[in-house]
Amino acid sequence: MTASATSAKPREVRDSVVIRFAGDSGDGIQLTGSQFSAASALAGNDTATFPDFPAEIRAPTGTLAGVSGFQLHFASRDILTPGDRADVLVVMNPAALAANLKWLKPNGILIANADSFQAKNLKMAGYGESPLEDGSLADYQLFQIDLSRLTNDALQGFGLSAKEVERCKNYFALGLVFWLFARNGEMVEDEIRRKFASKPVMMEANLKVFHAGWDYGENTELFALSYSVPAARDIAPGTYRSIAGNEATALGLVAAAHKAGLDLFYGSYPITPASDILHTFAGLKEYGVRTFQAEDEIAAICAAIGAAYGNQLAVTGTSGPGIALKSEAMGLAVMTELPLVIVNVQRGGPSTGLPTKTEQADLLQVLYGRNGESPMPVLAARSAGDAFDTAFEAARVAIKYRVPVVLLTDGAIANGAEPWRIPDVDSLPTIEPNLLDDAAKLDGGPLLPYLRDVETLARPWIKLGTPGLEHRIGGIEKWDKTGHISYDPQNHHNMVKLRQAKVDAIAAEIPPMHLEGAPEGDVLVLTWGSPYGAALTAVRELQAQGRAVTHANLRWLNPLPLDLGALLLKFRTVLVPEINNGQLVKVLRAAYALDIQQYNRISGQPLSVVELRDAILNVLPH
Amino acid sequence: MTASATSAKPREVRDSVVIRFAGDSGDGIQLTGSQFSAASALAGNDTATFPDFPAEIRAPTGTLAGVSGFQLHFASRDILTPGDRADVLVVMNPAALAANLKWLKPNGILIANADSFQAKNLKMAGYGESPLEDGSLADYQLFQIDLSRLTNDALQGFGLSAKEVERCKNYFALGLVFWLFARNGEMVEDEIRRKFASKPVMMEANLKVFHAGWDYGENTELFALSYSVPAARDIAPGTYRSIAGNEATALGLVAAAHKAGLDLFYGSYPITPASDILHTFAGLKEYGVRTFQAEDEIAAICAAIGAAYGNQLAVTGTSGPGIALKSEAMGLAVMTELPLVIVNVQRGGPSTGLPTKTEQADLLQVLYGRNGESPMPVLAARSAGDAFDTAFEAARVAIKYRVPVVLLTDGAIANGAEPWRIPDVDSLPTIEPNLLDDAAKLDGGPLLPYLRDVETLARPWIKLGTPGLEHRIGGIEKWDKTGHISYDPQNHHNMVKLRQAKVDAIAAEIPPMHLEGAPEGDVLVLTWGSPYGAALTAVRELQAQGRAVTHANLRWLNPLPLDLGALLLKFRTVLVPEINNGQLVKVLRAAYALDIQQYNRISGQPLSVVELRDAILNVLPH
Amino acid sequence: MTLATDIALKPKDFATDQDVRWCPGCGDYAILAAVQRALAKQGIPPHQIATIAGIGCSSRFPYYMATYGFHTIHGRAPAVATGLKVARPDLQVWVATGDGDSLSIGGNHFIHLLRRNVDLKVLLFNNRIYGLTKGQYSPTSELGKKTKSSPQGSVDNPFLPMSLAVGAEGSFLARSIDVDAKTLADVLAAAGAHHGTALVEILQNCNIFNDGAWDHLSSKEFRADQTILLEHGKPMIFGANRDKGIRLNGLRPEVVKIGENGVTEADLWVHDAHDEDPTRAFLLSRMEYPLFPVPVGILRSVQRPVYDALVNAQVDEQKATRKANLQGLLNGRSTWVVG
Amino acid sequence: MTLATDIALKPKDFATDQDVRWCPGCGDYAILAAVQRALAKQGIPPHQIATIAGIGCSSRFPYYMATYGFHTIHGRAPAVATGLKVARPDLQVWVATGDGDSLSIGGNHFIHLLRRNVDLKVLLFNNRIYGLTKGQYSPTSELGKKTKSSPQGSVDNPFLPMSLAVGAEGSFLARSIDVDAKTLADVLAAAGAHHGTALVEILQNCNIFNDGAWDHLSSKEFRADQTILLEHGKPMIFGANRDKGIRLNGLRPEVVKIGENGVTEADLWVHDAHDEDPTRAFLLSRMEYPLFPVPVGILRSVQRPVYDALVNAQVDEQKATRKANLQGLLNGRSTWVVG
Ligand SMILES: Cc1ncc(C[n+]2csc(CCOP(=O)(O)OP(=O)(O)O)c2C)c(N)n1
Ligand SMILES: Cc1ncc(C[n+]2csc(CCOP(=O)(O)OP(=O)(O)O)c2C)c(N)n1
Ligand code: SF4
Ligand code: SF4
Ligand SMILES: [Mg+2]
Ligand SMILES: [Mg+2]
């Protein structure tokens with residue numbers, strides 16, 4: 001019997017549930033969370049996740065610093081955020097409780113690994129008396145479960161060491177919540193079988209413990225009822241999978257390379273939270289992907305520039321401190337007008353800042369962080385799945401216009417997974433790299449490496465190795481058309497204007513702003529990047545209450561959409577929520593000389609639906 | 001007899017003269033120009049200079065690429081720019097003529113080294129026939145002088161090689177123009193004696209040639225009259241010298257270190273046009289200045305940060321590409337709140353750009369070019385002499401608030417010299433470094449490295465090596481007060497706001513805007529940096545014509561002066577001229593959501609009075 | 001220079017109250033303890049010492065040292081420390097860095113530090129992996145290493161840190177192993193006493209991402225046979241039974257058995273750490289597992305001019321010979337008076 | 001790989017129409033001519049070659065070469081060239097760089113290039129000065145050198161570029177002098193033929209800011225006595241009368257006079273450029289004026305795995321063994337269907 005058997009206990013139907021798992025970094029919390037998330041998605045729920053890593057690799061067991069969290073929102077409707085606060089909190093030790101209780105809703109279900117609430121652990125978590133016993137948890141539905149003992153009981157006779165037994169206990173917890181929410185356990189069982197293929201005893205042990213957890217829920221009288229969250233109905237039809245932002249970014253770029261008929265070059269230096277892009281690409285060599293783990297971020301982008309000159313789809317990726325290092329070379333890419341995608345997975349700053357936390361505070365850096373007038377297109381993904389499309393678009397534009405393009409994501413998007421409707425490869429647009437690959441195309445005229453396409457202002461991307469197309473480029477100002485070095489005053493002025501015009505010209509192909517709500521009204525909530533989900537959810541709630549609130553999201557930060565200026569004028573108030581100190585607001589005010597309201601919480605955490613609803617209410621006429 | 005003897009020829013009095021010397025890089029043009037400039041200043045004129053270097057060290061002799069120019073404006077009144085176009089142009093060869101004729105006013109005096117207008121040189125300059133003979137120079141007062149031959153004649157019997165003779169010819173030209181403008185030659189003679197102290201023959205030869213030039217003017221019938229520019233009267237009384245911006249920057253910082261009782265540390269990597277700051281500091285060891293020629297710009301700033309931690313007045317200087325490289329470490333200085341001055345001598349960009357030309361296009365880079373919310377005070381010097389005061393102010397603020405501060409100058413300021421009223425050292429304000437240098441000052445309380453001064457929000461600058469004050473800092477977010485590592489969400493939010501508040505607080509001590517003109521009117525011309533002089537000159541001209549135009553200059557770019565916003569509202573139009581694509585305009589629009597007019601020429605050259613007058617007329621009501 | 005005090009210092013005088021946040025079992029713990037012991041023994045009080053680090057697991061070191069400390073940015077500790085030492089030659093300055101921090105992103109500062117011979121003591125925690133970013137190969141990882149970023153095996157030929165350091169003119173080069181407390185204590189003491197850049201490579205176990213990378217050298221079982229402790233002026237002998245040695249055959253070191261084929265101790269290479277010529281150090285830097293026992297102890301220790309001392313000497317000399325006169329400096333060479 | 005063509009190429013086939021803008025008399029002119037001759041002789045046509053440079057006087061090189069070319073940013077040419085070579089192994093890629101460009105700001109890329117052994121040919125123009133920025137001391141300037149930035153003399157101990165390169169695992173190391181056309185031609189030809197990173201240090205005169213820096217080696221008068229031309233497999237003989245040689249005394253090279261004290265050619269060190277052990281190359285790298293004649297020619301030339309070839313081999317292998325299926329990749333491991 002698998003753990004998918006139906007429960008005999010009464011089942012309450014819920015529209016949506018937010019569950020948060022928390023424990024020591026060694027407790028397998030991220031794995032537990034992902035598996036529950038995958039099972040929920042398979043069951044047809046819409047899902048959104050938020051992994052909350054500790055900054056340390058492995059802080060000493062039991063400490064607050066070592067607590068790892070994973071929050072999952074699953075629902076029978078279209079949802080956009082991992083949820084503000086949890087309906088269910090599962091804690092593996094006192095530190096996990098101390099660090100996470102603030103996320104649990106009043107009267108929420110609290111499942112605690114009671115075994116671990118002993119003096120030493122309590123002390124490390126900063127507790128005097130055990131909170132399980134001092135009545136301080138009276139506002140919650142507390143379920144105390146001796147996970148370690150129960151796991152141990154289940155594994156009698158397996159001949160496992162205490163340490164090995166301890167490592168299985170997360171499957172007990174997983175089994176229990178699977179029972180609680182009537183999830184089908186087959187997927188977990190398959191995963192256990194795959195993972196422990198070479199260790200049959202551990203495979204059996206984990207299967208046993210997983211079932212034991214399920215059975216415990218079904219059989220003990222502790223739980224009076226279980227819950228079910230039916231499959232979502234308002235989700236667009238299609239084939240779905242779960243995807244995290246970093247993987248989606250990599251796949252979007254591989255898809256673009258494929259559609260352009262180019263190989264892909266990825267130059268990078270590991271950095272949290274961008275490293276998984278490198279890891280993903282490193283496993284895709286059969287798609288013509290070459291990865292270069294450089295000695296630093298400067299070498300990474302410079303190698304990518306070399307590969308771009310060598311006609312590959314060149315990409316470099318990093319996080320904020322790495323962008324700072326790359327900025328000189330980004331200027332070189334601007335001057336040489338080569339296609340290049342620069343991915344910035346933003347994290348908390350300034351300086352080393354909060355490496356494992358999310359933030360949106362690199363917008364001005366990527367727009368302006370270079371010497372001289374050095375304009376560059378900038379796009380931002382709004383969610384994990386959207387990172388695929390945005391990355392594809394960034395590559396398309398880079399190739400079409402021969403420009404370096406910045407793609408912004410952030411820590412929350414990079415690591416948070418969400419269901420993603422898988423695109424049909426054939427339906428993705430073809431990208432025409434349009435290489436100048438034959439001297440005959442010059443029609444006997446001279447080769448002019450900076451001759452511009454009338455429409456795009458792009459210069460030719462010359463196929464290296466072609467006889468007769470030898471040419472030289474570099475970082476010194478160039479003569480228009482010939483590309484030779486030029487110190488001519490008027491030419492420099494013209495080239496500065498041309499480089500700007502080329503980026504500005506892209507605006508012509510940006511689709512009109514997509515609005516959720518009326519095209520005019522009291523408040524326009526304008527987002528970019530990861531606050532998208534929470535903002536749209538808050539707006540929908542208020543719209544349901546009849547308020548004249550509209551939401552729009554910017555994928556394009558530079559150039560700005562042509563219709564944006566007019567749109568802003570249609571609303572009494574424009575509110576821009578950002579996880580920074582108001583960077584897009586600065587850009588918009590500079591662009592339109594308009595007063596714009598801002599909402600900012602810069603705490604390394606995603607913005608919540610509740611705070612955004614309040615922020616909107618604040619600017620709505622009373 | 002020195003070359004200062006009075007002329008017997010009639011003398012015409014002029015109010016102001018612009019003279020431009022041009023020749024091959026090997027012709028000693030910069031030296032010739034500086035000496036004429038110094039003599040004019042000594043004669044009581046106000047002066048302003050603009051050296052116009054070639055990009056190559058020594059392009060082949062006679063080529064256009066190798067032309068070096070030096071423009072000097074000297075006048076009997078207060079002047080602010082090196083002049084738009086020249087009254088007198090001295091050219092040493094055809095290439096110099098070809099490259100510089102456009103700068104000569106119609107009917108201007110053109111002195112040409114006729115010897116050099118031979119076939120080979122003409123060809124290299126792109127001439128067919130000799131312009132001296134084909135009538136194309138009819139619009140100018142052309143004086144053809146066989147400089148080489150005359151120099152050779154003067155040196156008969158000295159036993160010099162042809163090459164050595166050739167090297168003396170610039171002194172002939174200098175002697176001639178000294179005669180033409182009745183300058184006292186003693187200074188030049190002293191300089192020749194000093195320079196050639198160890199080569200008596202060359203000393204005598206150069207003295208001889210210098211006199212020969214003077215005599216030539218006096219004796220030949222070529223020149224019917226000479227000119228005189230009387231001493232200026234509207235110049236503030238005081239002791240003056242001539243100073244270039246890079247030297248003034250270095251001296252301002254040394255003075256600040258002296259007034260703070262600190263040694264100075266300068267970490268730098270050579271780069272045009274900032275290298276002279278390093279060269280100046282390297283010669284000032286007796287003032288407690290330590291220079292570190294680093295392996296790159298990153299090491300340069302990092303070493304400066306180390307020195308700041310070690311309680312010296314730490315400075316790092318570079319140009320735009322170097323700032324790009326320093327940006328990660330600039331963030332570290334923001335996070336650790338250490339005093340540091342970062343000098344950026346701006347040059348043409350993007351990328352390598354136009355290394356020897358001037359530009360103002362790094363404003364947004366220094367404001368925003370860092371990951372995360374990373375605010376930093378930014379000041380800009382408006383002229384060479386002003387660089388002293390601005391550098392002093394930058395250091396004072398850095399020390400008082402414990403912040404990294406950016407000082408912006410540019411290529412034109414750095415290399416252009418102007419008369420500078422030498423400040424009295426005693427009258428310079430004292431800077432109180434206020435080191436926390438004794439554990440007793442803690443009054444038994446714990447050491448709190450991030451405890452803030454109530455007024456300045458500055459944290460203590462702890463004297464390293466003090467028993468009991470051991471503490472640790474770093475680039476990860478810190479707990480308020482203790483400075484320990486903190487990943488706490490609310491604390492991060494608070495610290496982001498605190499770092500911003502600390503920079504904003506400086507605005508309280510920025511003096512009110514200084515206006516040249518009425519406090520309200522049709523047009524406010526607002527400048528920052530080197531366009532100051534041309535803009536003010538243009539405004540004064542228009543004011544003299546009764547137009548309601550006012551000028552103001554911003555030394556502070558971040559924070560902006562508190563009274564600026566209100567001031568802008570007092571004028572129908574605000575016009576901001578910049579040698580960039582409108583960067584301050586972006587900042588002002590973002591700050592005040594106001595429409596602002598811009599004038600931009602981005603050609604690597606200073607803005608001219610004429611174009612600014614036209615630009616102002618353009619926005620004035622007709 | 002810093003001076004030892006009379007008051008006896010204890011290792012705990014160098015420990016802070018911060019929770020140490022390395023993974024349980026990480027080799028860094030042993031190194032921290034060893035450094036604290038060595039500093040206590042050296043006798044310079046905490047306030048006369050500064051600990052500077054880059055970024056990485058190992059670079060958290062300053063937080064646990066009750067000295068002055070600075071956790072800078074990735075790869076830049078040598079540069080920050082150079083500035084500090086030039087400004088404050090009175091402080092003893094230690095640098096903590098990892099193999100990624102010092103040899104990847106920080107490689108340039110690392111080699112320039114060595115050539116300049118700034119008076120810094122550098123602890124290079126070599127775990128052959130990027131620990132903090134969770135397990136990518138580093139510039140010391142072996143060819144073919146499979147990691148997250150090299151699923152088919154790394155194709156980056158590694159550096160031998162000691163060879164690189166010899167090539168960069170290093171004046172003091174030593175090596176130890178995290179678990180070898182005795183050698184570690186000795187090399188740390190010698191590093192502390194060296195005037196100039198003292199580089200100590202510490203083979204460190206990252207039990208999470210590269211567990212056992214040094215087991216062939218560090219485990220009690222193998223240590224005696226697969227490492228060789230260098231002692232200045234002594235013949236190079238190793239082995240559990242101390243019956244093996246290194247003999248120089250022309251330019252080539254070779255492992256010999258003492259007592260076999262007529263080999264005696266007198267035939268062995270006598271270690272000369274103070275040889276001005278770096279060739280011996282270079283040879284030692286290339287003695288690698290499994291062909292040779294890996295040298296631990298002091299490979300090289302020579303005196304040569306020290307950068308920060310030279311900089312400060314020039315300042316002192318100029319101060320002594322050219323009187324500072326700020327007003328005169330501002331006045332410059334020629335002035336004129338208006339009004 | 002690139003292939004030589006049948007059509008005879010001439011040096012001028014490698015020259016562009018751009019005005020060459022070095023100072024008259026600069027050593028760079030001779031180097032440019034030598035490279036153009038060498039490429040013509042090598043026979044790979046210009047379109048199969050790319051020339052990549054950093055920033056500096058020497059780094060203007062690409063503008064004068066009728067190949068594909070890229071004048072990048074200061075110090076980064078090795079990185080740009082690495083990316084290009086990995087992407088385009090079919091091109092022969094040359095890097096032009098100065099002593100400041102490669103050893104100061106670009107030091108890290110320089111050493112990582114050498115350890116990876118990317119198939120690039122690197123021309124290091126060593127004039128012991130920063131030319132383009134008008135004369136500050138460089139990482140190869142001698143101690144005590146007075147320049148604009150070191151009026152009391154430099155206190156930075158210089159690198160020996162070849163020692164650094166040996167320490168960084170360089171597989172091909174050669175040296176020549178700008179004015180020594182013959183040796184330059186030979187080492188350029190060998191560099192072109194080497195598979196892996198071929199480093200050629202060229203002692204170059206900057207007649208404006210460091211005139212005569214190499215006169216003691218380059219002038220006809222001294223060259224024979226103060227340099228030694230290395231020839232693989234031949235004894236190391238030098239001197240105007242070819243009567244001097246280098247003998248190895250244990251680890252120490254020494255200058256001997258052939259015919260004196262019973263020294264014969266047979267006693268001399270026989271140069272082995274292909275020795276896998278880098279120790280000989282290290283010894284050569286330390287032979288410095290005035291104690292030794294300075295080696296020119298090929299110090300080291302060994303085969304070892306080449307980075308770009310390995311990267312591309314992994315790609316080819318994966319392509320061969322795991323069929324690319326983009327739709328399958330997008331689908332991932334588990335999917336579900338809605339609607
Ligand atoms: C500019 C920058 N790039 C990348 C990183 C990410 N990063 C932090 S530590 C590290 C490498 C750590 O390896 P190592 O120096 O060997 O230290 P270990 O953790 O192994 O002790 C990297 C790549 C960073 N913090 N800053
Ligand atoms: C980021 C950056 N820093 C500094 C410079 C200034 N710069 C240009 S070339 C150069 C050094 C030139 O020396 P070298 O590499 O030896 O070349 P050479 O001119 O002597 O041939 C420097 C410091 C620059 N262009 N970019
Ligand atoms: S990841 Fe490795 S190096 Fe880092 S603390 Fe853990 S065990 Fe130590
Ligand atoms: S400055 Fe020196 S290196 Fe540069 S071109 Fe002139 S002579 Fe050559
Ligand atoms: Mg490591
Ligand atoms: Mg050089």
Side-chain angles (χ1 to χ4, degrees), chain A residues 38 41-42 44 187 232 235-243 251 254-255 258 263 265 267 284-290 292 294-296 298-299 302-307 309-312 314 328-329 332 336 421-425 464-476 484-485, chain D residues 16 18 45-53 55 62-63 65-88 90-91 108-109 111-112 311-312 314-324 326-327 329-339:
Chain A
L42 269 178
M187 209 212 63
I235 294 182
T239 305
Y240 282 78
R241 64 173 286 195
S242 172
I243 199 161
L251 295 189
V254 170
H258 177 86
D263 272 9
F265 181 96
L284 298 179
K285 299 192 173 64
E286 63 273 30
Y287 295 89
V289 175
R290 284 162 190 76
F292 171 57
E295 55 272 28
D296 63 11
I298 301 175
C302 285
I305 290 173
Y309 185 53
N311 313 117
Q312 294 199 346
E328 190 204 6
L332 178 65
T336 51
R421 190 153 63 114
I422 302 163
D424 178 3
V425 169
L464 255 60
T466 313
L469 298 184
E470 300 86 351
H471 68 289
R472 287 139 296 276
I473 58 174
I476 297 186
H484 292 156
I485 288 185
Chain D
T16 63
Q18 297 295 297
H47 69 271
Q48 289 176 8
I49 299 179
T51 313
I52 315 292
I55 298 285
Y63 293 118
M65 296 287 300
T67 62
Y68 287 92
F70 202 155
H71 183 217
T72 71
I73 43 178
H74 198 27
R76 317 303 174 187
V80 174
T82 295
L84 175 59
K85 184 70 191 179
V86 166
R88 295 297 301 274
D90 56 315
L91 302 176
N108 205 26
H109 312 306
I111 59 177
H112 281 267
V311 171
N312 280 286
Q314 283 194 344
V315 168
D316 292 344
E317 191 197 301
Q318 294 299 308
K319 279 184 173 170
T321 55
R322 299 180 6 179
K323 231 191 119 35
L326 186 59
Q327 190 66 59
L329 176 65
L330 300 192
N331 290 346
R333 281 211 303 227
S334 62
T335 62
W336 66 94
V337 177
V338 172

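Atom set for the values below is all heavy atoms of this structure, side chains included, hydrogens, waters and symmetry mates excluded. Protein chains get the first letters and strands the later ones, always in sequence-line order, with residue 1 at the start of each. In this text the structure is predicted, and so the values were computed from the model without any measurement.
Within the 4.5 Å cutoff, the side chain of D:Tyr68 has heavy atoms near those of the A:Thr466 side chain. Taking the side chain as every heavy atom from C-beta outward, D:Arg76 and D:His109 approach each other to under 4.5 Å. Counting heavy atoms from C-beta outward, A:Leu284 and D:Gln318 have side chains that stay 4.5 Å or more apart.
When heavy atoms are compared at a cutoff of 4.5 Å, D:Arg88 approaches chain A solely by way of its side chain, counted from C-beta outward. For D:Thr16, the part sitting under 4.5 Å from any heavy atom of chain A is the side chain, from C-beta outward, and nothing else. For chain A, the nearby part of D:Val311 is the side chain; its heavy atoms alone come within less than 4.5 Å. For D:Thr67, the part sitting under 4.5 Å from any heavy atom of chain A is the backbone (N, CA, C, O) and nothing else. Looking at D:Gln18, the atoms closer than 4.5 Å to chain A (heavy atoms on both sides) all sit in the side chain, from C-beta outward.
When each of D:Thr82, D:Val80, D:Ile52, D:Val86 is checked for heavy-atom pairs under 4.5 Å with chain A, D:Val80 comes out on top. Ranked by heavy-atom pairs under 4.5 Å with chain A, the first of D:Arg333, D:Lys323, D:Gln314 is D:Arg333. Comparing A:Pro237, A:Gly310, A:Pro467, A:Pro423 by heavy-atom pairs within less than 4.5 Å of chain D, the highest count is held by A:Pro467. Taking D:Thr335, D:Leu330, D:Val337, D:Val315 one by one and counting their heavy-atom pairs under 4.5 Å with chain A, the maximum is reached by D:Leu330. Looking only at heavy-atom pairs under 4.5 Å with chain A, the residue among D:Ala66, D:Ala50, D:Ala53 that has the most is D:Ala66. Interface remark: of the candidates D:Ala320, D:Gly332, D:Pro78, D:Gly332 forms the most heavy-atom pairs closer than 4.5 Å to chain A.
A donor-acceptor distance shorter than 3.5 angstrom exists from the side chain of D:Gln327 to the backbone of A:Val425, with no hydrogens or angles considered. A donor-acceptor pair under 3.5 Å is absent between the side-chain atoms of A:Lys285 and the main chain of D:Lys319, judged by distance alone. At least one donor-acceptor pair under 3.5 Å links the side chain of A:Asn311 to the backbone N or O of A:Leu464.
Checked against the 6.0 Å centroid criterion, the rings of A:Tyr287 and A:His258 do not qualify as a close aromatic pair.
Counted by atom type alone, A:Arg241 and D:Asn331 present zero donor-acceptor pairs between their side chains at under 3.5 Å.
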